[in-house]
Amino acid sequence: MDWRALAVLAHALAAFWFVAGYVGTNLCTEMARRSTTDDDCRSAVLVSGRLDRWANRTGGTAVGLTGLLLLVVFGHALTTPWVFSSIVLFAFVVFGGIFFWERFCGDVESASEAGDWAGVRRALNEPRIIAYGRLENLAVLAIIVLMVLGPG
């Protein structure tokens, strides 16, 4: 068995899992942001949270671990531009999830537990939240481009 191919496959599957969770979470959040009824907002927020826990977080962890494995298997230097850039961008996404989104999600969760769905929509539509989310989306897109074009 070719261990390099297996390591690449594991990383690719982890990346698909992470990106599926990331995109799903973002789509549901956008649906909640644009919802006009409390029921639509509640449903979108609940699905977003489940996707985040089920695919985004677990997939992100798997991407990080398999990425480290690929560094060892292929012997890429951390200073290789596409490797370094990918690590910095991925760290931005991970630490943003820990330090930015986790705190913000607590505010959304508190409002949703109180049944304040208008408050949830207001929080989701804060300009800094939208701006940070769009910036993070660009970072994830850049990582994908680097992973596709870099190793070649």
Side-chain angles (χ1 to χ4, degrees), residues 1-35 41-113 120-121 123-152:
M1 169 164 275
D2 182 6
W3 292 106
R4 287 180 166 200
L6 187 59
V8 170
L9 177 63
H11 189 62
L13 291 175
F16 280 119
W17 186 249
F18 167 70
V19 170
Y22 185 85
V23 169
T25 299
N26 275 276
L27 287 174
C28 288
T29 300
E30 193 63 34
M31 288 170 54
R33 182 177 286 132
R34 296 171 186 239
S35 65
C41 184
R42 181 178 54 248
S43 297
V45 167
L46 290 174
V47 173
S48 176
R50 287 185 183 138
L51 284 172
D52 180 55
R53 287 184 297 279
W54 186 58
N56 195 12
R57 293 180 189 188
T58 57
T61 301
V63 164
L65 294 174
T66 57
L68 292 173
L69 175 66
L70 287 176
L71 281 175
V72 172
V73 169
F74 284 95
H76 294 299
L78 289 174
T79 56
T80 305
W82 69 269
V83 172
F84 181 77
S85 299
S86 297
I87 291 170
V88 169
L89 290 168
F90 191 69
F92 168 74
V93 172
V94 169
F95 288 117
I98 294 169
F99 296 110
F100 184 81
W101 292 122
E102 190 64 33
R103 183 180 54 173
F104 170 72
C105 289
D107 296 342
V108 170
E109 192 172 289
S110 296
S112 65
E113 286 175 0
V120 168
R121 285 190 293 277
L124 292 174
N125 282 295
E126 287 182 30
R128 68 183 175 95
I129 299 302
I130 293 172
Y132 190 87
R134 300 305 188 250
L135 184 62
E136 189 179 75
N137 291 344
L138 289 173
V140 170
L141 181 61
I143 293 168
I144 293 168
V145 169
L146 288 166
M147 289 295 107
V148 171
L149 300 179

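For clarity, every value in this text was computed on a predicted model and none was experimentally measured.
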Expected output: side-chain Arg57 to main-chain Arg53 donor-acceptor under 3.5 Å: no
Quick check against the 3.5 Å criterion: does Ser48 have a side-chain atom that pairs as donor or acceptor with the backbone of Val45? no
Non-hydrogen atoms of [X] and [Y] that approach each other most closely:
| X | Y | answer |
| --- | --- | --- |
| Ala62 | Ala14 | CB-CB, 3.6 Å |
| Gly67 | His11 | N-ND1, 3.4 Å |
| Cys41 | Ser35 | CB-OG, 3.2 Å |

Output the distance between atom [atom1] ([X]) and atom [atom2] ([Y]), rounded to the nearest 0.5 Å.
| X | Y | atom1 | atom2 | value |
| --- | --- | --- | --- | --- |
| Asn26 | Leu51 | CG | CG | 10.5 Å |
| Thr66 | Phe18 | OG1 | CZ | 11.5 Å |
| Leu71 | Thr80 | CG | OG1 | 8.5 Å |
| Arg50 | Asn56 | CZ | CG | 16.0 Å |
| Phe84 | Leu146 | CZ | CG | 12.0 Å |
| Leu149 | Trp82 | CG | CH2 | 10.5 Å |

Mind checking whether Phe92 and Tyr132 have parallel, tilted or perpendicular rings, split at 30° and 60°? tilted
Over 60° means perpendicular and under 30° means parallel, so classify the ring planes of Phe100 and Phe104, tilted if in between. parallel
Might you work through the side chain to side chain contact (heavy atoms under 4.5 Å, CB included) test for Val93 and Leu89, ending with a clear yes or no? CA-CA 6 Å; Val93 172; Leu89 290 168; 5.8 Å; no
Which residues satisfy the side-chain contact (heavy atoms from CB on, under 4.5 Å) test with Ala7, sequence neighbours excluded? Leu69, Leu70, Val73
Got a sec, which residues hit side-chain contact (heavy atoms from CB on, under 4.5 Å) with Arg134, two or more places apart in sequence or on another chain? Glu30, Arg33, Ile130, Asn137
Greater than 12 external heavy atoms within 6.0 Å of Phe74's CZ: yes
